Amino acid sequence: MKLSVSARAVASGAVATAMLLTGGAVADAASAPPRPAAAPDLPLAGVKAHLAQLQSIATANGGNRAHGRPGYKASIDHIKAKLDAAGYTTTVQQFTASGRTGYNLIADWPGGDANQVVMAGSHLDSVSSGPGINDNGSGSAAVLETALAVSRAQYKPTKHLRFAWWGAEELGLVGSRYYVNRLATGDRSRIGAYLNFDMIGSPNPGYFVYDDDPAIEKTFKEYFSGLGVPTEIETEGDGRSDHAPFKSAGVPVGGLFTGASRTKTAAQAAKWGGTAGRAFDRCYHSSCDTTANIDDTALDRNSDAVAYAVWELSE
(Lines give C-alpha, C1' and ligand atoms only; values in the text may rest on other atoms or scores of the structure.)
Protein backbone atom coordinates (compact mmCIF):
# COMPACT_ATOMS: atom_id res chain seq x y z
CA MET A 1 0.00 0.00 0.00
CA LYS A 2 1.40 3.38 -0.96
CA LEU A 3 1.55 6.14 1.68
CA SER A 4 0.00 9.55 0.97
CA VAL A 5 2.34 12.55 0.86
CA SER A 6 1.36 13.64 4.38
CA ALA A 7 1.65 10.12 5.73
CA ARG A 8 5.08 9.74 4.17
CA ALA A 9 6.15 12.98 5.85
CA VAL A 10 4.99 11.74 9.25
CA ALA A 11 6.71 8.41 8.67
CA SER A 12 9.93 10.16 7.64
CA GLY A 13 9.84 12.31 10.76
CA ALA A 14 9.32 9.29 12.96
CA VAL A 15 12.31 7.54 11.40
CA ALA A 16 14.49 10.63 11.86
CA THR A 17 13.51 10.88 15.55
CA ALA A 18 14.19 7.20 16.06
CA MET A 19 17.65 7.62 14.54
CA LEU A 20 18.48 10.48 16.92
CA LEU A 21 17.25 8.56 19.96
CA THR A 22 18.71 5.15 19.19
CA GLY A 23 22.04 6.03 17.56
CA GLY A 24 24.05 2.86 18.00
CA ALA A 25 21.07 0.55 17.46
CA VAL A 26 20.40 2.19 14.11
CA ALA A 27 24.04 1.81 13.16
CA ASP A 28 23.87 -1.89 14.07
CA ALA A 29 20.71 -2.28 11.99
CA ALA A 30 22.40 -0.59 9.05
CA SER A 31 25.09 -3.27 9.06
CA ALA A 32 22.51 -6.07 9.03
CA PRO A 33 21.59 -7.67 5.69
CA PRO A 34 18.59 -5.93 4.10
CA ARG A 35 15.22 -7.65 4.29
CA PRO A 36 14.04 -8.66 0.79
CA ALA A 37 11.43 -6.45 -0.80
CA ALA A 38 7.80 -7.22 -0.08
CA ALA A 39 5.81 -9.30 -2.53
CA PRO A 40 4.24 -7.30 -5.36
CA ASP A 41 0.54 -6.84 -5.93
CA LEU A 42 0.05 -8.98 -9.02
CA PRO A 43 -1.96 -7.26 -11.76
CA LEU A 44 -5.28 -9.05 -12.20
CA ALA A 45 -5.20 -8.02 -15.87
CA GLY A 46 -1.98 -9.98 -16.29
CA VAL A 47 -3.42 -13.15 -14.75
CA LYS A 48 -6.57 -12.84 -16.86
CA ALA A 49 -4.51 -12.32 -20.01
CA HIS A 50 -2.90 -15.72 -19.38
CA LEU A 51 -6.37 -17.25 -18.97
CA ALA A 52 -7.51 -15.67 -22.24
CA GLN A 53 -4.53 -17.21 -24.00
CA LEU A 54 -5.28 -20.65 -22.56
CA GLN A 55 -8.88 -20.26 -23.70
CA SER A 56 -7.71 -19.34 -27.20
CA ILE A 57 -5.43 -22.37 -27.27
CA ALA A 58 -8.30 -24.66 -26.24
CA THR A 59 -10.67 -23.12 -28.79
CA ALA A 60 -8.12 -23.69 -31.56
CA ASN A 61 -7.54 -27.30 -30.50
CA GLY A 62 -10.88 -29.04 -30.19
CA GLY A 63 -12.11 -27.18 -27.13
CA ASN A 64 -9.73 -28.64 -24.55
CA ARG A 65 -6.16 -28.75 -23.28
CA ALA A 66 -6.20 -32.37 -22.13
CA HIS A 67 -3.26 -34.73 -21.70
CA GLY A 68 -1.93 -36.03 -24.99
CA ARG A 69 -3.95 -33.56 -27.03
CA PRO A 70 -2.55 -30.69 -29.15
CA GLY A 71 -4.03 -28.07 -26.83
CA TYR A 72 -1.95 -29.29 -23.92
CA LYS A 73 1.34 -29.21 -25.80
CA ALA A 74 0.46 -25.74 -27.12
CA SER A 75 -0.16 -24.61 -23.53
CA ILE A 76 3.24 -25.92 -22.40
CA ASP A 77 4.98 -24.25 -25.34
CA HIS A 78 3.25 -20.92 -24.66
CA ILE A 79 4.24 -20.81 -20.99
CA LYS A 80 7.78 -22.04 -21.67
CA ALA A 81 8.35 -19.23 -24.18
CA LYS A 82 7.32 -16.60 -21.61
CA LEU A 83 9.60 -18.07 -18.95
CA ASP A 84 12.55 -18.40 -21.31
CA ALA A 85 12.19 -14.74 -22.26
CA ALA A 86 12.02 -13.81 -18.55
CA GLY A 87 15.38 -15.41 -17.76
CA TYR A 88 14.37 -18.77 -16.33
CA THR A 89 16.15 -22.04 -16.93
CA THR A 90 13.35 -24.29 -18.19
CA THR A 91 13.16 -28.05 -18.50
CA VAL A 92 10.44 -30.04 -20.24
CA GLN A 93 10.05 -33.49 -18.71
CA GLN A 94 8.37 -36.08 -20.94
CA PHE A 95 6.39 -39.11 -19.79
CA THR A 96 3.75 -41.49 -21.10
CA ALA A 97 0.27 -42.04 -19.67
CA SER A 98 -2.68 -43.87 -21.22
CA GLY A 99 -0.65 -44.38 -24.37
CA ARG A 100 -0.13 -40.66 -24.93
CA THR A 101 2.87 -38.41 -24.38
CA GLY A 102 2.65 -35.98 -21.51
CA TYR A 103 4.84 -33.12 -20.36
CA ASN A 104 5.86 -31.36 -17.17
CA LEU A 105 7.42 -27.91 -17.36
CA ILE A 106 9.95 -26.96 -14.67
CA ALA A 107 11.37 -23.42 -14.41
CA ASP A 108 14.26 -22.48 -12.12
CA TRP A 109 15.06 -18.89 -11.21
CA PRO A 110 18.85 -18.32 -11.09
CA GLY A 111 20.45 -17.97 -7.68
CA GLY A 112 19.40 -18.75 -4.15
CA ASP A 113 20.58 -21.58 -1.95
CA ALA A 114 20.21 -24.78 -3.98
CA ASN A 115 19.98 -26.72 -0.71
CA GLN A 116 16.82 -24.80 0.21
CA VAL A 117 14.27 -24.96 -2.59
CA VAL A 118 10.81 -23.38 -2.56
CA MET A 119 8.51 -24.71 -5.28
CA ALA A 120 5.15 -23.44 -6.50
CA GLY A 121 3.15 -25.50 -8.97
CA SER A 122 -0.15 -26.22 -10.64
CA HIS A 123 -1.51 -28.70 -13.13
CA LEU A 124 -1.85 -27.33 -16.64
CA ASP A 125 -4.02 -30.03 -18.23
CA SER A 126 -7.79 -29.84 -18.57
CA VAL A 127 -10.26 -32.67 -18.88
CA SER A 128 -11.19 -33.60 -22.44
CA SER A 129 -14.71 -32.17 -22.05
CA GLY A 130 -13.71 -28.51 -21.72
CA PRO A 131 -10.99 -25.85 -21.79
CA GLY A 132 -10.30 -26.05 -18.05
CA ILE A 133 -10.04 -22.35 -17.29
CA ASN A 134 -10.80 -22.53 -13.59
CA ASP A 135 -9.58 -26.14 -13.40
CA ASN A 136 -6.79 -25.39 -13.68
CA GLY A 137 -5.99 -22.43 -15.86
CA SER A 138 -6.55 -20.30 -12.76
CA GLY A 139 -3.74 -21.87 -10.73
CA SER A 140 -1.47 -22.10 -13.76
CA ALA A 141 -1.97 -18.43 -14.64
CA ALA A 142 -1.35 -17.26 -11.08
CA VAL A 143 1.85 -19.29 -10.81
CA LEU A 144 3.00 -17.94 -14.18
CA GLU A 145 2.30 -14.33 -13.23
CA THR A 146 4.15 -14.85 -9.93
CA ALA A 147 7.14 -16.24 -11.81
CA LEU A 148 7.09 -13.26 -14.18
CA ALA A 149 6.84 -10.90 -11.20
CA VAL A 150 10.00 -12.48 -9.77
CA SER A 151 11.73 -11.67 -13.06
CA ARG A 152 10.36 -8.12 -13.28
CA ALA A 153 11.58 -7.41 -9.75
CA GLN A 154 14.88 -9.22 -10.34
CA TYR A 155 14.16 -10.72 -6.96
CA LYS A 156 17.17 -12.24 -5.19
CA PRO A 157 15.75 -14.57 -2.55
CA THR A 158 17.87 -16.41 -0.01
CA LYS A 159 16.36 -19.72 -1.11
CA HIS A 160 16.19 -21.15 -4.61
CA LEU A 161 12.90 -20.67 -6.45
CA ARG A 162 11.38 -23.29 -8.75
CA PHE A 163 8.04 -23.22 -10.55
CA ALA A 164 6.24 -26.16 -12.17
CA TRP A 165 3.30 -26.92 -14.43
CA TRP A 166 2.19 -30.55 -14.28
CA GLY A 167 0.72 -32.77 -16.96
CA ALA A 168 -1.91 -35.51 -16.66
CA GLU A 169 -3.15 -34.48 -13.23
CA GLU A 170 -6.66 -35.31 -14.38
CA LEU A 171 -5.56 -38.92 -14.98
CA GLY A 172 -4.42 -39.36 -11.39
CA LEU A 173 -1.56 -36.93 -10.60
CA VAL A 174 0.59 -38.67 -13.20
CA GLY A 175 2.95 -35.81 -14.07
CA SER A 176 3.74 -34.66 -10.54
CA ARG A 177 4.13 -38.26 -9.36
CA TYR A 178 6.55 -38.90 -12.25
CA TYR A 179 8.62 -35.87 -11.22
CA VAL A 180 8.76 -36.74 -7.51
CA ASN A 181 9.51 -40.42 -8.09
CA ARG A 182 12.52 -39.54 -10.23
CA LEU A 183 14.08 -37.17 -7.75
CA ALA A 184 17.15 -38.48 -5.97
CA THR A 185 16.70 -38.69 -2.21
CA GLY A 186 19.02 -35.73 -1.71
CA ASP A 187 17.10 -33.61 -4.20
CA ARG A 188 13.81 -34.37 -2.44
CA SER A 189 15.26 -33.34 0.91
CA ARG A 190 16.35 -30.00 -0.54
CA ILE A 191 12.74 -29.00 -1.28
CA GLY A 192 11.67 -27.17 1.85
CA ALA A 193 8.19 -26.26 0.60
CA TYR A 194 5.90 -27.21 -2.26
CA LEU A 195 2.92 -24.88 -2.79
CA ASN A 196 0.01 -26.16 -4.89
CA PHE A 197 -2.67 -24.07 -6.60
CA ASP A 198 -5.59 -25.93 -8.13
CA MET A 199 -8.84 -24.03 -8.86
CA ILE A 200 -8.41 -20.59 -7.30
CA GLY A 201 -11.02 -18.60 -9.24
CA SER A 202 -14.26 -20.55 -8.70
CA PRO A 203 -17.36 -18.53 -9.65
CA ASN A 204 -19.12 -19.12 -6.29
CA PRO A 205 -15.91 -19.12 -4.30
CA GLY A 206 -14.83 -20.24 -0.89
CA TYR A 207 -11.43 -19.51 0.59
CA PHE A 208 -9.79 -22.77 1.56
CA VAL A 209 -6.25 -23.27 2.87
CA TYR A 210 -4.41 -26.60 3.02
CA ASP A 211 -3.54 -27.62 6.58
CA ASP A 212 -0.72 -30.04 5.76
CA ASP A 213 2.26 -28.00 6.98
CA PRO A 214 1.72 -25.56 9.89
CA ALA A 215 4.26 -22.94 8.74
CA ILE A 216 2.90 -22.81 5.19
CA GLU A 217 -0.69 -22.79 6.44
CA LYS A 218 0.16 -19.89 8.78
CA THR A 219 1.67 -17.91 5.89
CA PHE A 220 -1.52 -18.13 3.83
CA LYS A 221 -3.78 -17.44 6.81
CA GLU A 222 -1.78 -14.34 7.68
CA TYR A 223 -2.26 -13.03 4.16
CA PHE A 224 -6.03 -13.51 4.15
CA SER A 225 -6.33 -12.20 7.69
CA GLY A 226 -4.69 -9.00 6.47
CA LEU A 227 -7.50 -8.70 3.91
CA GLY A 228 -10.16 -9.43 6.49
CA VAL A 229 -11.14 -12.58 4.61
CA PRO A 230 -11.89 -15.63 6.79
CA THR A 231 -10.63 -19.00 5.61
CA GLU A 232 -11.51 -22.63 6.16
CA ILE A 233 -9.41 -25.77 6.02
CA GLU A 234 -9.45 -27.40 2.58
CA THR A 235 -11.02 -30.86 2.62
CA GLU A 236 -12.74 -31.38 -0.75
CA GLY A 237 -9.55 -31.87 -2.71
CA ASP A 238 -7.45 -33.35 0.08
CA GLY A 239 -4.97 -35.74 -1.52
CA ARG A 240 -6.54 -35.26 -4.96
CA SER A 241 -4.10 -32.75 -6.43
CA ASP A 242 -0.39 -32.49 -7.15
CA HIS A 243 0.73 -31.80 -3.60
CA ALA A 244 -0.03 -35.42 -2.70
CA PRO A 245 3.10 -37.02 -4.24
CA PHE A 246 5.29 -34.40 -2.55
CA LYS A 247 3.63 -34.97 0.81
CA SER A 248 4.06 -38.73 0.45
CA ALA A 249 7.77 -38.12 -0.18
CA GLY A 250 8.10 -36.10 3.03
CA VAL A 251 8.12 -32.63 1.48
CA PRO A 252 6.25 -29.91 3.43
CA VAL A 253 3.23 -28.88 1.34
CA GLY A 254 0.51 -26.25 1.33
CA GLY A 255 -1.83 -24.50 -1.03
CA LEU A 256 -5.11 -22.78 -1.84
CA PHE A 257 -8.46 -23.79 -3.30
CA THR A 258 -11.80 -22.06 -3.97
CA GLY A 259 -14.02 -25.13 -4.27
CA ALA A 260 -15.30 -27.53 -6.92
CA SER A 261 -18.49 -29.59 -6.96
CA ARG A 262 -19.38 -29.36 -3.27
CA THR A 263 -22.27 -27.09 -2.32
CA LYS A 264 -21.74 -23.79 -0.54
CA THR A 265 -23.56 -23.75 2.79
CA ALA A 266 -25.64 -20.90 4.15
CA ALA A 267 -22.94 -20.21 6.74
CA GLN A 268 -20.29 -20.02 4.03
CA ALA A 269 -22.44 -17.70 1.91
CA ALA A 270 -22.92 -15.44 4.92
CA LYS A 271 -19.17 -15.38 5.43
CA TRP A 272 -17.97 -15.06 1.84
CA GLY A 273 -20.94 -13.96 -0.22
CA GLY A 274 -22.13 -15.91 -3.21
CA THR A 275 -25.06 -18.31 -3.39
CA ALA A 276 -25.89 -20.91 -0.75
CA GLY A 277 -27.11 -24.24 -2.04
CA ARG A 278 -25.07 -23.95 -5.25
CA ALA A 279 -21.75 -25.64 -6.09
CA PHE A 280 -18.60 -23.60 -5.72
CA ASP A 281 -18.02 -24.34 -9.41
CA ARG A 282 -21.07 -25.56 -11.35
CA CYS A 283 -18.87 -25.94 -14.45
CA TYR A 284 -16.39 -28.28 -12.79
CA HIS A 285 -15.08 -30.71 -15.44
CA SER A 286 -17.57 -29.37 -17.97
CA SER A 287 -17.52 -27.55 -21.29
CA CYS A 288 -18.67 -24.34 -19.58
CA ASP A 289 -15.38 -24.03 -17.67
CA THR A 290 -14.39 -21.07 -19.83
CA THR A 291 -13.10 -17.57 -19.10
CA ALA A 292 -16.71 -16.72 -18.12
CA ASN A 293 -16.40 -19.22 -15.27
CA ILE A 294 -14.09 -17.08 -13.11
CA ASP A 295 -14.73 -14.85 -10.11
CA ASP A 296 -12.35 -11.93 -10.51
CA THR A 297 -12.20 -11.09 -6.81
CA ALA A 298 -11.26 -14.64 -5.82
CA LEU A 299 -8.73 -14.87 -8.63
CA ASP A 300 -7.16 -11.55 -7.64
CA ARG A 301 -6.95 -12.37 -3.93
CA ASN A 302 -5.57 -15.84 -4.46
CA SER A 303 -3.05 -14.75 -7.10
CA ASP A 304 -1.69 -12.16 -4.70
CA ALA A 305 -1.59 -14.84 -2.00
CA VAL A 306 0.57 -16.99 -4.30
CA ALA A 307 3.10 -14.17 -4.66
CA TYR A 308 2.96 -13.36 -0.94
CA ALA A 309 3.75 -16.95 0.04
CA VAL A 310 6.54 -17.29 -2.54
CA TRP A 311 8.22 -14.13 -1.26
CA GLU A 312 7.71 -14.89 2.43
CA LEU A 313 8.90 -18.50 2.29
CA SER A 314 11.91 -17.87 0.05
CA GLU A 315 13.54 -14.90 1.79
Side-chain angles (χ1 to χ4, degrees), residues 1 35-44 46-47 50 83 88 106-109 111-113 116-123 136 138-153 155-166 176 190-202 205-234 237-238 241-244 246-247 251-259 297-315:
M1 180 178 68
R35 178 178 169 85
D41 182 358
L42 297 187
L44 176 61
V47 182
H50 302 320
L83 295 166
Y88 281 84
I106 313 298
D108 284 273
W109 181 241
D113 185 351
Q116 300 183 78
V117 178
V118 173
M119 284 190 76
S122 59
H123 77 86
N136 182 38
S138 60
S140 294
V143 172
L144 174 57
E145 189 60 25
T146 298
L148 296 179
V150 166
S151 175
R152 289 193 295 266
Y155 179 39
K156 293 177 170 50
T158 301
K159 299 174 184 177
H160 181 74
L161 280 178
R162 181 175 299 152
F163 299 91
W165 290 263
W166 308 117
S176 55
R190 293 183 183 97
I191 303 174
Y194 172 71
L195 313 177
N196 194 62
F197 305 99
D198 191 351
M199 301 181 66
I200 60 170
S202 300
Y207 292 87
F208 299 101
V209 176
Y210 297 11
D211 65 343
D212 300 278
D213 179 80
I216 299 173
E217 178 187 357
K218 180 173 180 285
T219 300
F220 285 121
K221 285 186 170 180
E222 284 177 346
Y223 174 79
F224 282 104
S225 177
L227 296 182
V229 176
T231 60
E232 291 184 8
I233 297 303
E234 197 284 308
D238 200 17
S241 193
D242 294 297
H243 60 292
F246 287 88
K247 184 177 180 180
V251 175
V253 302
L256 300 174
F257 179 61
T258 52
T297 299
L299 183 66
D300 191 22
R301 288 170 171 172
N302 281 279
S303 296
D304 287 338
V306 176
Y308 176 84
V310 165
W311 256 256
E312 288 292 309
L313 294 171
S314 66
E315 61 180 33

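Not measured: the values here are computed from a predicted model. One-based numbering along the sequence shown.
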Would you say the side chain of [Y] lies within less than 4.5 Å of the side chain of [X], judging by non-hydrogen atoms?
X      : Y      : value
Glu312 : Tyr223 : no
Val253 : Ile216 : no
Leu144 : Trp165 : yes
His123 : Asp198 : yes
Asn196 : Tyr210 : yes

Closest contact, heavy atoms only, [X] versus [Y]:
X      : Y      : value
Pro230 : Gly228 : CD-O, 3.6 Å
Leu83  : Ala107 : CD1-CB, 3.8 Å
Leu227 : Arg301 : CD1-CG, 3.9 Å
Gly192 : Pro252 : O-CG, 3.3 Å
Ala142 : Leu42  : O-CD1, 4.2 Å
Ala120 : Val310 : CB-CG2, 4.2 Å

When you measure from the side chain of [X] to the backbone N and O of [Y], does any donor-acceptor pair fall under 3.5 Å?
X      : Y      : result
Glu234 : Gly237 : yes
Ser202 : Gly259 : yes
Trp109 : Tyr155 : yes
His160 : Gly111 : yes
Thr219 : Ala309 : no
Asn136 : Phe197 : yes
Ser138 : Ile200 : yes

Mind checking salt bridge (charged side-chain N to carboxylate O under 4.0 Å, His left out) for Lys247 and listing every partner two or more places apart, or none if nothing turns up?
Asp212
Whether Phe163 and Tyr88 hold their rings parallel, tilted or perpendicular, with breakpoints at 30° and 60°
perpendicular
Atom [atom1] of [X] and atom [atom2] of [Y]: how far apart are they, to the nearest 0.5 Å?
X      : Y      : atom1 : atom2 : result
Met119 : Ser314 : CE    : OG    : 13.5 Å
Leu313 : Leu195 : CG    : CG    : 6.0 Å
Leu256 : Phe208 : CG    : CZ    : 11.5 Å
Phe246 : Ser241 : CZ    : OG    : 11.0 Å

Report the C-alpha distance between Trp311 and Leu161 in whole Å, list the side-chain angles of each, state the deciding distance to 0.1 Å, and finish with yes or no for side chain to side chain contact (heavy atoms under 4.5 Å, CB included).
CA-CA 10 Å; Trp311 256 256; Leu161 280 178; over 6 Å; no
Going by an N to O cut-off under 4.0 Å, is there a salt bridge joining Asp108 and Arg162?
yes
Considering only NZ, NE, NH1 and NH2 on the basic side and carboxylate oxygens on the acidic side, decide whether Glu145 and Arg152 come within less than 4.0 Å.
yes
Quick check: His243 with Tyr194 (ring centres under 6.0 Å apart)?
no
Quick one: are the ring centres of Tyr207 and Phe224 less than 6.0 Å apart?
yes
